[in-house]
Amino acid sequence: MLDIAVIEDPAAAEASLDPVRTRILHELSSPGSATQIAVKVGLPRQKVNYHLKTLERHGLVELVEERRKGNVTERVLQATAASYLISPQALSSVSPDPHRFSDRFSAFWLLALAGRMVQEMGQLIAGAAAARQKLATFAIDGEITFRTAADRAAFAEELGVAVTRLVDKYHDGGATSAAGASGGRCHRLVVALHPVLKAGNPTTTVPKTTKETPESPETPTAKEQDND
């Protein structure tokens with residue numbers, strides 16, 4: 001199981017956003033069968049079975065084992081990741097493009113950079129996993145309180161100068177591609193600064209699912225029991 005999986009396929013993103021399936025993915029952080037999940041989410045096993053089929057089809061859950069119980073084969077499944085992020089690639093035609101504009105003080109440019117980072121990191125993680133290699137990354141996360149807006153502006157200016165100095169010191173000017181002419185590897189550098197969210201901001205909760213109505217003509221029937 002991955003710590004975080006980045007969803008790029010639009011159909012997989014749509015499947016994951018269903019509140020019932022989101023709850024199922026949460027419950028499948030540990031292996032479980034349709035019967036076990038049905039008890040936890042308060043839905044009929046057949047309906048849970050239908051959602052599991054959809055999640056499995058899109059690679060969001062995977063088979064762990066099959067156990068024989070009398071005349072029934074119980075399929076035990078688990079989420080493919082502990083957490084999920086939806087890549088802007090899932091909305092490729094309307095995803096933000098950092099190259100459209102460049103403004104160090106624009107919140108929208110910061111969002112565009114963050115979106116690109118999610119997309120690129122998702123692809124890099126998948127590639128590193130397939131090659132059984134470790135991905136070289138580095139991040140700093142912290143908080144700083146400024147007394148005044150002038151202090152914040154001064155900090156941003158000094159930080160920019162310091163980062164530029166380090167880039168000039170270590171950047172291989174001969175490297176023109178990801179691999180680099182000299183064998184070096186090009187890396188993306190993003191430095192971000194934004195206000196911390198204030199306490200009391202509303203959070204997203206998973207809606208209750210016990211009264212859910214059928215969502216489509218594909219609503220499961222009593223015959224769909226092979227994910228028991």
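It should be emphasised that the depicted structure is a prediction, and the values quoted were computed from it without experimental measurement. Counting begins at 1 with the first residue of the sequence. The figures here come from the full heavy-atom set of this structure, side chains too, leaving out hydrogens, waters and symmetry mates.
Residues Ala112 and Pro98 approach most closely at O-CG, 3.5 Å, considering heavy atoms. The shortest non-hydrogen separation linking Pro44 to Ala38 is C-CB, 4.2 Å. Smallest separation of non-hydrogen atoms from Ala15 and Leu55: O-CD2, 4.5 Å. In plain terms, the two heavy atoms of Val6 and Ser87 that are nearest each other are CG1-CB, 3.5 Å. Residues Leu43 and Val48 share a closest heavy-atom pair of CB-CG2, 3.9 Å. When all heavy atoms are compared, the tightest approach of Pro88 to Gly115 is CG-O, 3.3 Å.
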TODO: Apply side chain to side chain contact (heavy atoms under 4.5 Å, CB included) to Arg21 and His58, showing your working.
DONE: CA-CA 12 Å; Arg21 294 173 192 152; His58 291 295; over 6 Å; no
TODO: Output, in order, the C-alpha distance, side-chain angles, deciding distance and verdict of side chain to side chain contact (heavy atoms under 4.5 Å, CB included) for Leu28 and Ile37.
DONE: CA-CA 8 Å; Leu28 284 178; Ile37 297 303; 3.7 Å; yes
TODO: Dump the intermediate steps for side chain to side chain contact (heavy atoms under 4.5 Å, CB included) on Arg152 and Leu193, then the final yes or no.
DONE: CA-CA 10 Å; Arg152 183 182 62 226; Leu193 177 70; 4.2 Å; yes
Task: Derivation and outcome, side chain to side chain contact (heavy atoms under 4.5 Å, CB included), residues His99 and Arg116 - done: CA-CA 11 Å; His99 297 99; Arg116 182 184 64 187; 4.3 Å; yes
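Residues Val163 and Ile144 share a single hydrophobic cluster, defined by chaining ILVMFWY side chains whose heavy atoms lie under 4.5 Å apart. Cluster membership check: Val20 shares its hydrophobic cluster with Leu52, using side-chain heavy-atom separations under 4.5 Å among Ile, Leu, Val, Met, Phe, Trp and Tyr. No path of Ile, Leu, Val, Met, Phe, Trp and Tyr side chains, each step under 4.5 Å between heavy atoms, connects Met117 with Leu111, placing them in separate hydrophobic clusters. Under a hydrophobic clustering in which Ile, Leu, Val, Met, Phe, Trp and Tyr are joined whenever their side-chain heavy atoms come within less than 4.5 Å, directly or via other members, Leu159 and Val167 fall into the same cluster.
With sequence neighbours left out, the ring-ring contact (aromatic ring centres under 6.0 Å, His included) criterion links Phe155 to Phe146. Every residue meeting the side-chain hydrogen bond (donor to acceptor under 3.5 Å, both in side chains) condition with Glu8, not counting sequence neighbours, appears here in chain and number order: Gln123.
The shortest distance between side-chain heavy atoms of His26 and Lys40 does not fall below 4.5 Å. For the pair Leu135 and Met121, the minimum side-chain heavy-atom distance is below 4.5 Å. Residues Leu60 and Ile7 are in side-chain contact: their nearest non-hydrogen atoms beyond the backbone lie under 4.5 Å apart.
Within 6.0 Å of CD in Glu27 there are more than 12 heavy atoms belonging to other residues, nucleotides or ligands. The number of heavy-atom neighbours closer than 6.0 Å to CZ of Arg104, taken from other residues, nucleotides and ligands shown, is 12 or below. Environment of CG in Asp97: crowded, with over 12 heavy atoms of neighbouring residues, nucleotides or ligands closer than 6.0 Å.
Under a 3.5 Å cut-off, the side chain of Tyr84 and the backbone N or O of Leu25 do not form any donor-acceptor pair. For the pair Thr54 (side chain) and Tyr50 (backbone), a donor-acceptor distance under 3.5 Å is present. For Gln78 (side chain) and Ser29 (main-chain N/O), a donor-acceptor pair under 3.5 Å exists by modelled atom type. Of the possible polar contacts, none joining the Thr73 side chain to the Arg67 backbone as a donor-acceptor pair under 3.5 Å is found.
Distance check, rounded to the nearest 0.5 Å: CD of Glu120 to CG of Leu124 gives 7.0 Å. With rounding to the nearest 0.5 angstrom, the NE2 atom of His171 is 12.0 Å from the OG1 atom of Thr164. Taking CD1 from Ile86 and CG from Leu91, the interatomic distance works out to 8.0 Å, rounded to the nearest 0.5 Å. To the nearest 0.5 Å, the span separating OG on Ser33 from CG on Asn49 amounts to 10.0 Å. To the nearest 0.5 angstrom, Phe105 atom CZ is 12.5 Å from Leu110 atom CG. Distance OG1/Thr137 to NE2/His187: 9.0 Å, rounded to 0.5 Å.
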